[in-house]
Amino acid sequence: MNRFKHIPLFIVAAILFGLKTYVVYRFYFNLSIESIFQEIILFINAFVISFFIFSIAIWFNKKRQRKYILTMSILLSFIIIFNLMYYRNFTDFITLPTLFQASNAADLGTSILSLVHFVDVFLVLDVIVLFILSKKQIFPVQKFSTLFKRRIVTVAMSAIVLNLVMAEIERPMLFKRGFDREYLVKNVGVFTYHAYDAFITASTHSKRIFADGSELNEIEEYVKKSVQDEDQQNANEEINLENIAEGKNIVYIAAESFQQFVINKKLHGEEITPFLNDLIDDSYYFENYYHQTPLGKTSDHEFLLDNSLYPLPNSAAFYTHAQNEYYALPEILKKKKGYNTFAFHANNGSFWNRNVMYENLGYDKFFDVESFEFDKSDEIGWGLNDKMFFNQSVDILKEQKQPYYAKLITLTNHFPFDIPDEEATIDPYTSDSVTLNQYFQTVRYTDEAIEGFFKKMKEEGLYEDTIFIIGGDHYGIPSYHYDDLGEYLGKEITPFEDAKLQRVPFIVHIPGHDDDRTLSRITGQIDYKPTILNFLGIEQQEDIVFGNNMFASVEDRKDFIAFRDGQVVGENFVYAGGICYDQSGEPVEDENCTDIREKATKELNYSNELIYGDLLRFYDFESGEIKTEEKE
């Protein structure tokens with residue numbers, strides 16, 4: 001025992017924190033470990049960074065050493081805990097730009113409490129033990145010789161290099177795959193990932209300064225050839241809805257956290273979404289429509305819809321690039337067709353920076369929480385319940401000049417899916433996941449709220465002259481709950497099934513329109529803007545978008561849907577979790593997915609360049625020409 005008392009306190013701290021980090025990686029995060037080699041790397045990276053950070057203490061005097069060790073123990077633990085809370089909600093890791101959106105946390109309310117589990121007490125035990133050991137001075141804090149310091153630095157740096165080499169062997173070009181944050185954390189740890197993220201954030205912010213518009217040439221050529229090919233523009237549409245919306249109102253309902261797996265499904269013998277099921281029978285329904293949102297969730301979904309550009313890989317464009325030049329859907333509808341454009345959301349106007357971004361996108365008016373009358377008893381979960389939200393939204397809409405484009409964002413079906421017993425009209429699911437159990441109840445509530453909205457639109461005489469579009473914004477059930485969700489679905493959720501779970505409902509209801517059908521072609525949120533412009537007969541050749549008209553024939557559309565996490569869904573193959581699958585879910589040779597992966601990567605990178613460099617400021621959308629700096 002006396003031999004152990006000679007171990008310096010910084011090494012004890014490194015061991016304690018490294019052990020905690022490994023346990024969190026292995027048992028708290030839902031990281032997939034596929035081999036012994038991955039397990040070894042995970043174990044090593046947990047201790048490598050811990051040793052490096054705490055070894056810095058040797059350069060301080062004895063008093064500052066102790067203070068540094070204890071402070072870092074608290075700070076690093078906070079970073080681990082914060083990442084864990086974020087992961088439980090979003091199945092992802094926090095990024096630096098997201099940290100600057102901390103004001104959004106004020107709106108989380110009970111969501112944060114639902115993310116804390118009893119076992120989380122373990123996450124502070126090492127800090128408590130370290131404070132006790134430090135106070136009793138069981139392990140020494142001392143002045144170290146220059147030779148000892150050099151040896152410690154050599155060991156720490158060698159360990160980091162070893163970790164990076166092993167990571168590169170396990171995952172070649174790892175740091176070129178920054179979109180896959182789970183692989184970064186598995187191979188180099190959460191702290192190295194954060195350092196990498198800080199570097200990427202700094203470098204991307206410099207791109208706007210040095211952009212001059214020349215970068216647009218290659219992007220424009222790609223879009224014209226591969227997305228807006230002239231043959232595609234002139235092709236006969238399988239379903240011709242061009243000009244169908246001329247002179248009509250267009251209302252888009254963003255169904256918060258709605259996933260496709262609840263549509264036409266039952267729980268306890270009851271339909272989960274009875275109204276939407278009936279509406280689908282009298283509408284166009286896209287059963288393979290995918291959300292493509294990463295970190296920004298609902299705001300990223302809005303960004304996709306309005307711009308037909310991809311969201312950013314490590315931040316929310318609504319927050320970090322709200323001052324960019326865009327050519328968004330609301331602006332086009334105003335300029336080309338004289339539409340009034342509105343957004344409705346019963347949340348704070350500053351949430352996701354909407355009060356700034358909406359104005360830039362061309363919305364005439366944002367009806368935020370201040371536009372609605374309610375008290376605390378009218379709230380469910382995050383705020384005003386959906387039924388009152390829709391009821392009051394119709395009262396506002398009937399006073400507006402027509403035609404208008406209105407986007408209404410629901411709120412009740414939001415994590416953690418809390419709902420009072422008296423408001424629930426279907427019994428909860430029974431599993432170990434409270435989140436999943438309650439999800440079905442809030443989904444049902446929102447279904448009823450949408451039904452009430454349609455009923456009141458008819459009562460106010462607004463129904464016949466309106467085209468209704470309902471789309472899910474992003475997933476509701478994170479992969480953290482996949483064991484329980486798999487039980488409900490009756491199958492194991494493989495990476496292939498995970499990709500399929502990113503499907504969300506998309507319904508186009510046109511009153512008085514005879515045609516209705518379910519369409520199976522793959523589509524995504526990137527396709528929304530071109531589809532709406534087609535509804536109004538607005539030419540798109542001079543625009544820069546990455547989506548296609550959803551109603552065009554399959555042969556005239558792109559054959560893949562790209563995701564920020566590296567997944568790609570194609571017409572014939574799906575790439576997910578590092579595996580290529582055919583449409584039956586069977587793994588096939590990776591070469592089958594090479595084409596769609598390369599095309600998806602190219603589009604995502606081009607979209608990044610457009611946003612990071614604010615390149616659309618150099619583009620003339622009337623002529624389709626690139627402006628030089630002098631002309632600008």
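Note: hydrogens, waters and symmetry copies are ignored here, and every other heavy atom, side chains too, is used.
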Would you mind telling me which of Phe51, Phe144, Phe52 makes a side-chain contact (heavy atoms from CB on, under 4.5 Å) with Ile152?
Phe51
Under the side chain to side chain contact (heavy atoms under 4.5 Å, CB included) test, residues paired with Asp375 that sit two or more places apart
Ser377, Asp378
Between Ala499 and Val574, which heavy-atom pair has the shortest distance, and what is it?
CB-CG1, 3.9 Å
Side-chain H-bond candidate by donor/acceptor type, Glu448 with Thr425, under 3.5 Å:
yes
Taking atom NZ as the centre, does Lys67 end up with more than 12 heavy-atom neighbours from other residues, nucleotides or ligands that are less than 6.0 angstrom away?
no
List for me each residue that meets side chain to side chain contact (heavy atoms under 4.5 Å, CB included) alongside Ile33, sequence neighbours excluded, and say none if there are none.
Arg26, Gln38, Glu39, Leu42, Lys186
Once the angle between the rings of Tyr480 and His117 is folded into 0 to 90°, is it parallel (under 30°), tilted (30 to 60°) or perpendicular (over 60°)?
tilted
Using a 3.5 Å distance criterion without hydrogens, assess whether the side chain of Glu256 forms a donor-acceptor pair with backbone atoms of His414.
no
Please round to the nearest 0.5 Å and tell me the distance separating atom CG of Asp473 and atom NE2 of His301.
5.5 Å
Checking side-chain polar atoms at under 3.5 Å, does Asn355 have a donor or acceptor matched by the opposite partner on Ser350?
no
Just verifying a value: how many Å separate Phe78 CZ and Asn83 CG, rounded to the nearest 0.5 Å?
10.0 Å
Would you mind reporting whether Asp120 and Leu84 have side-chain heavy atoms less than 4.5 Å apart?
yes
I'd like to know if the side chain of Gln259 reaches the main chain of Gly476, judged simply by a donor and an acceptor atom lying under 3.5 Å from each other, with no hydrogens or angles considered.
yes
Would you indicate whether the side-chain heavy atoms of Glu497 and Thr494 approach each other to under 4.5 Å?
yes
Within the 4.5 Å heavy-atom criterion, are Leu384 and Val369 side-chain neighbours or not?
no
Between Glu423 (side chain only) and Tyr445 (backbone N and O only), is there a donor and an acceptor less than 3.5 Å apart?
no
What's the separation between atom OG in Ser77 and atom CE in Met72, rounded to the nearest 0.5 Å?
10.0 Å
When you measure from the side chain of Asn353 to the backbone N and O of Val356, does any donor-acceptor pair fall under 3.5 Å?
no
Centroid-centroid distance, Phe43 to Tyr22, less than 6.0 Å:
yes
Is atom CZ of Phe37 surrounded by more than 12 heavy atoms (other residues, nucleotides or ligands) closer than 6.0 Å?
yes
Side-chain heavy atoms of Asn347 within contact of Trp352, under 4.5 Å:
no
Residues Ile409 and His345: closest non-hydrogen pair is O-ND1, 3.2 Å
Applying the side chain to side chain donor-acceptor pair (under 3.5 Å) test to Thr446, which of Asn413, Thr410, Asp386 qualifies?
Asp386
Minimum-distance pair of heavy atoms, taken over all atoms of Ala576 and Tyr581:
O-CE1, 3.6 Å
In terms of side-chain geometry, is the basic nitrogen of Glu379 or Lys376 positioned less than 4.0 Å from the acidic oxygen of its partner?
yes
Please confirm whether the backbone N or O of Asn348 pairs with a side-chain atom of Asp368, one donor and one acceptor, at under 3.5 Å?
no
With sequence neighbours left out, write down each residue that passes ring-ring contact (aromatic ring centres under 6.0 Å, His included) with Tyr429, or none if nothing qualifies.
Phe440, Tyr488
Nearest-0.5 Å distance that lies between atom CG in Leu76 and atom CD1 in Ile49:
10.5 Å
Residue pair Tyr196, Val188: steps toward the side-chain contact (heavy atoms from CB on, under 4.5 Å) verdict
CA-CA 10 Å; Tyr196 167 76; Val188 297; over 6 Å; no
Give the table of side-chain donor-acceptor pairs shorter than 3.5 Å for residues 56-63, with sequence neighbours excluded, one pair per line with atom names and distance.
residue : atom : partner : partner atom : Å
Asn61   : OD1  : Lys63   : N            : 3.3
Asn61   : OD1  : Arg64   : N            : 2.8

Nearest heavy-atom approach of Ser431 to Leu436 is OG-CD2, 4.2 Å
Measuring from atom OG1 of Thr412 to atom NZ of Lys387, what distance do you get when rounded to the nearest 0.5 angstrom?
9.0 Å
Smallest heavy-atom separation, Pro294 atom then Leu312 atom, equals CG-O, 3.5 Å
Between the main-chain N or O of Leu130 and the side-chain N or O of Ser134, is there a donor-acceptor pair closer than 3.5 Å?
no
Applying the ring pair (Phe, Tyr, Trp, His ring centres under 6.0 Å) criterion to Phe351, which one of Trp382, Tyr319, Phe318 satisfies it?
Trp382
Rounded to the nearest 0.5 Å, what separation is found between the CD atom of Glu182 and the CZ atom of Phe29?
10.0 Å
Are a donor atom and an acceptor atom from the side chains of Gln502 and His474 found within less than 3.5 Å of each other?
no
Looking at Asn437, I'd like to know if its CG atom is crowded, meaning that more than 12 non-hydrogen atoms belonging to other residues, nucleotides or ligands lie closer than 6.0 Å.
yes
Would you find a donor on one side and an acceptor on the other, under 3.5 Å apart, between the side chain of His481 and the backbone of Asp432?
no
Does Ser50 have any side-chain hydrogen bond (donor to acceptor under 3.5 Å, both in side chains) partners at least two apart in sequence or in another chain, and if so, which?
none
With distance as the sole test, does Arg503 use its side chain to make a donor-acceptor pair with the main-chain N or O of Asn288 at under 3.5 Å?
no
Flag yes if more than 12 heavy atoms outside Ile36 fall under 6.0 Å of its CD1 atom; otherwise flag no.
no
Side-chain donor or acceptor of Asn163 paired with backbone N/O of Ala159 under 3.5 Å
no
List the steps and the verdict of ring pair (Phe, Tyr, Trp, His ring centres under 6.0 Å) for Phe10 and Phe54.
CA-CA 6 Å; Phe10 81 88; Phe54 283 102; 8.7 Å; no
Does any pair with a residue in residues 121-144 pass salt bridge (Lys or Arg N to Asp or Glu O under 4.0 Å), and if so which ones, sequence neighbours excluded?
Lys20-Asp126
Any side-chain heavy-atom pair of Glu586 and Phe496 under 4.5 Å
no
Just so I know, are the side chains of Ile11 and Phe139 near enough to count as touching, which here means a heavy-atom distance under 4.5 Å?
no
Please check if any side-chain donor atom of His291 sits under 3.5 Å from a side-chain acceptor atom of Gln525, or the reverse.
no
Flag, side chain of Gln292 to backbone of Ala562, donor-acceptor distance under 3.5 Å:
yes
Determine, step by step, whether Ile419 and Arg444 satisfy the side-chain contact (heavy atoms from CB on, under 4.5 Å) criterion, reporting the C-alpha distance in whole Å, the side-chain angles of both residues, the deciding distance to 0.1 Å, and the verdict.
CA-CA 11 Å; Ile419 186 169; Arg444 165 67 76 82; over 6 Å; no
With under 30° as parallel and over 60° as perpendicular, where do the rings of Phe93 and Tyr87 fit, or are they tilted in between?
tilted
When every non-hydrogen atom of Met166 is compared with those of Ile44, the smallest separation belongs to SD-CD1, 3.7 Å
Answer yes or no: is there a side-chain heavy-atom contact under 4.5 Å between Met357 and Phe303?
yes
